[in-house]
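The block underneath contains the structure these notes are about, expressed in structure tokens.
Just so it is clear, the model here is predicted, and its values are computed rather than measured. Both backbone and side-chain heavy atoms feed into the values below; hydrogens, waters and symmetry mates do not. Numbering of residues begins at 1 and proceeds along the displayed sequence. In listed order, ligands and their atoms are each counted from 1.
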Amino acid sequence: MLSRLRDIVGDQHVLTDPDQTAGYLTDWTGRFTGVASAVVRPRTTAEVAAVMSLCAAECVPVCVQGGNTGLVGGSIPPSGPDVGAERGAAGPLLLSTTRMTDIGEVDTIGRCVGVQAGVTVEAVDAAAAAAGLAFGVDLAARASATAGGVVATNAGGIRMIRHGNTRAQILGIEAVLADGRILRRWSSLVKDNVGYDLPGLLAGSEGTLAVITGVLFRLVPALRETIVAVAGFDWVSDAIALIGTATDRGLTVEAAEIMTEAGVDLVHSHGHRRPLATPAPYLVLVEVSGTGDVEQAVVDLLAAAGIADAVLEPGPARALWSIRESHTESIARSTATPVVKLDVSVPIRALPQAFDDLSALAADDARPCRPILFGHVGDGNIHVNLLDVAEDDTRALTEKVFAIVTAHGGSISAEHGIGRAKTDWTHLGRSDVDLAVMRSVKDTFDPNGLLNPGVIFG
Ligand SMILES: Cc1cc2nc3c(=O)[nH]c(=O)nc-3n(C[C@H](O)[C@H](O)[C@H](O)COP(=O)(O)OP(=O)(O)OC[C@H]3O[C@@H](n4cnc5c(N)ncnc54)[C@H](O)[C@@H]3O)c2cc1C
């Protein structure tokens, strides 16, 4: 098997040495580690197709990985007994797309660009910017997260409030199926209703249906001049109202993020500045654009909302943004145990109560933890981070969070997916019939269950 893989991708791209494979087998959080018989790094779609044909013939499971920044364990093979062994095959193979980095020419009239799956979000945006356009997906992991990864997780990110999720940015897709066939829908047509939306189906499939090898992304207009403001609030409801008022006043909300005092304190302890002189329970970062004097419009907006303390900077305002974007990393460096990360959403009207309920987890003496909450407030999305959780309490605390979320009519997975972390709870978000239809879609694409076993379906 290994020598045939070497024939396909070249000797140096089939890794078996533990020193070389270790980085591929632990996830970004350090919570998930896995085992693989080898890490294989194809360069072309034809090589992926040849690898998949071989794995299908030999019944070898394949786990797909892009930038390995996913936060639900989906990019890591299982750690338990060999998944392939029960079928008499070798353990799973980890297929990394990081060598698939070609970027096509930007079509400035059709406003799109075709890229290979391993191109990073940052590189897609840089190519778009060079042509006077922008990529509608952005997230703090932009330097590592890949085109294939953001499609496979249907990532949201900081521009979702403006441009929608990753699914909304897909015009075409190229993917290799579990049996090695290549599925290609690649057209810049914005209207094309011939049957089912298979590219849309692969968005959010988390590597369980096919290996995405290329994506034709639509591009959006470049960001106009913006103003970034960070303001302090006593109540989440007032923060939400500010975003609504900004829109009512004709401003375009490009991003709207919420942080708590505890989160900003943590980030500050890792070397970032405190944005405001006056402490406030909640801090909101809004980035807005508009016509006329946008800065004055933001000053007026904040004054009308009775904001006592705020800071304004013209975009990109990287230092202000870094306070929000450093949360994930500062949290990872501040917890005594692997952080329990639960990315959830609730209807926007329920956000204030959900914040209160989730913050109250800190008062549970029976299961101590330090909750740090932040998120994309305009999308009703809260990133719940529970620090210093004893291993034995992880499940009970996870269930408490999900009970709060479902009581508010929310989702147990807002934008990170199910991965391996949340497979036990999909019934909280989908009916039996819904889950059965999803299972039959999986069986149609991957009848032998070779692609990312254990992800989404457990
Ligand atoms: C600091 C930080 C900030 C983040 N912020 C956000 C955010 O704002 N919004 C958000 O949605 N996420 C966020 N994330 C999570 C993560 O960046 C996204 O889920 C991202 O889409 C993962 O991309 P990746 O290339 O790293 O994928 P990986 O982590 O490698 O994989 C993620 C999943 O996609 C599958 N996959 C990857 N590539 C392919 C492919 N080519 N074909 C088929 N399946 C594939 C994997 O099997 C796995 O199931 C953040 C993560 C970090 C570390």
For Phe32, is the NZ or CZ atom of Arg420 found under 6.0 angstrom from the centre of its six-membered ring and inside 45 degrees of the ring axis? no
Within 45° of the axis and under 6.0 Å from the centre of the six-membered ring of Trp321, does NZ or CZ of Arg324 qualify? no
For ligand 1, is there an N or O atom under 3.5 Å from any N or O atom of [X]?
X: Gly66; answer: yes
X: Ala155; answer: no
X: Arg324; answer: no
X: Thr153; answer: yes
X: Glu415; answer: yes
X: Asn68; answer: yes
X: Gly70; answer: yes
X: Thr69; answer: yes
X: Ala117; answer: no
X: Thr146; answer: yes

Numbered atoms and elements of ligand 1 in range of [X], under 4.0 angstrom, heavy atoms:
X: Ala140; answer: 3 (C)
X: Ser75; answer: 28 (P), 29 (O), 30 (O), 31 (O), 48 (C)
X: Ala152; answer: 34 (O), 35 (C), 36 (N), 44 (N), 45 (C)
X: Gly157; answer: 7 (C), 8 (O), 9 (N)
X: Val211; answer: 42 (N)
X: Gly148; answer: 38 (N), 39 (C), 41 (N)
X: Thr97; answer: 41 (N)
X: Gln65; answer: 30 (O)

When rounded to the nearest 0.5 angstrom, what is the spacing between OG1 in Thr98 and CG in Asn68? 10.0 Å
Measure the spacing between CD1 of Ile173 and CZ of Arg185 and express it to the nearest 0.5 Å. 10.0 Å
Any sub-3.5 Å donor-acceptor pair from [X]'s side-chain atoms to [Y]'s backbone N or O?
X: Thr208; Y: Ser205; answer: yes
X: Asp125; Y: Phe135; answer: yes
X: Glu287; Y: Ala255; answer: no

Using heavy atoms and a 4.0 Å limit, tell me yes or no: is [X] in contact with ligand 1?
X: Glu325; value: no
X: Val150; value: yes
X: Ala210; value: yes
X: His416; value: yes

Could you verify whether a donor N or O on one side chain and an acceptor N or O on the other, from Asn385 and His327, lie under 3.5 Å apart? no
Will you find, in the side chains of His270 and Ser334, an N or O donor that is under 3.5 Å from an N or O acceptor? yes
With respect to Thr21, which candidate in Leu25, Asp17, Asp19 satisfies the side chain to side chain contact (heavy atoms under 4.5 Å, CB included) definition? Leu25
Greater than 12 external heavy atoms within 6.0 Å of Arg274's CZ: yes
Just wondering, are more than 12 heavy atoms of other shown residues or ligands nearer than 6.0 Å to CD in Glu105? no
Among [options], closest by any non-hydrogen atom to [atom]:
atom: atom 23 (O) of ligand 1; options: Gly214, Ala175, Gly149; value: Gly149
atom: atom 48 (C) of ligand 1; options: Gly74, Gly207, Ala141, Pro77; value: Gly74
atom: atom 5 (N) of ligand 1; options: Thr120, Asp27, Leu139, Val62; value: Leu139

Heavy-atom pairs closer than 4.0 Å: do any link ligand 1 to the side chain of Ile212, the backbone, both, or neither? both
Below 30° counts as parallel, above 60° as perpendicular, anything between as tilted: where do the rings of His383 and His376 land? perpendicular
Contact summary for Pro275 and Val311, nearest pair of heavy atoms: O-CG1, 3.7 Å
If every non-hydrogen atom of Gly204 is compared with every non-hydrogen atom of Ile456, which pair is closest and at what distance? O-CD1, 4.2 Å
Can you tell me the protein heavy atom closest to atom 46 (C) of ligand 1 and the distance? Val64 O, 3.1 Å
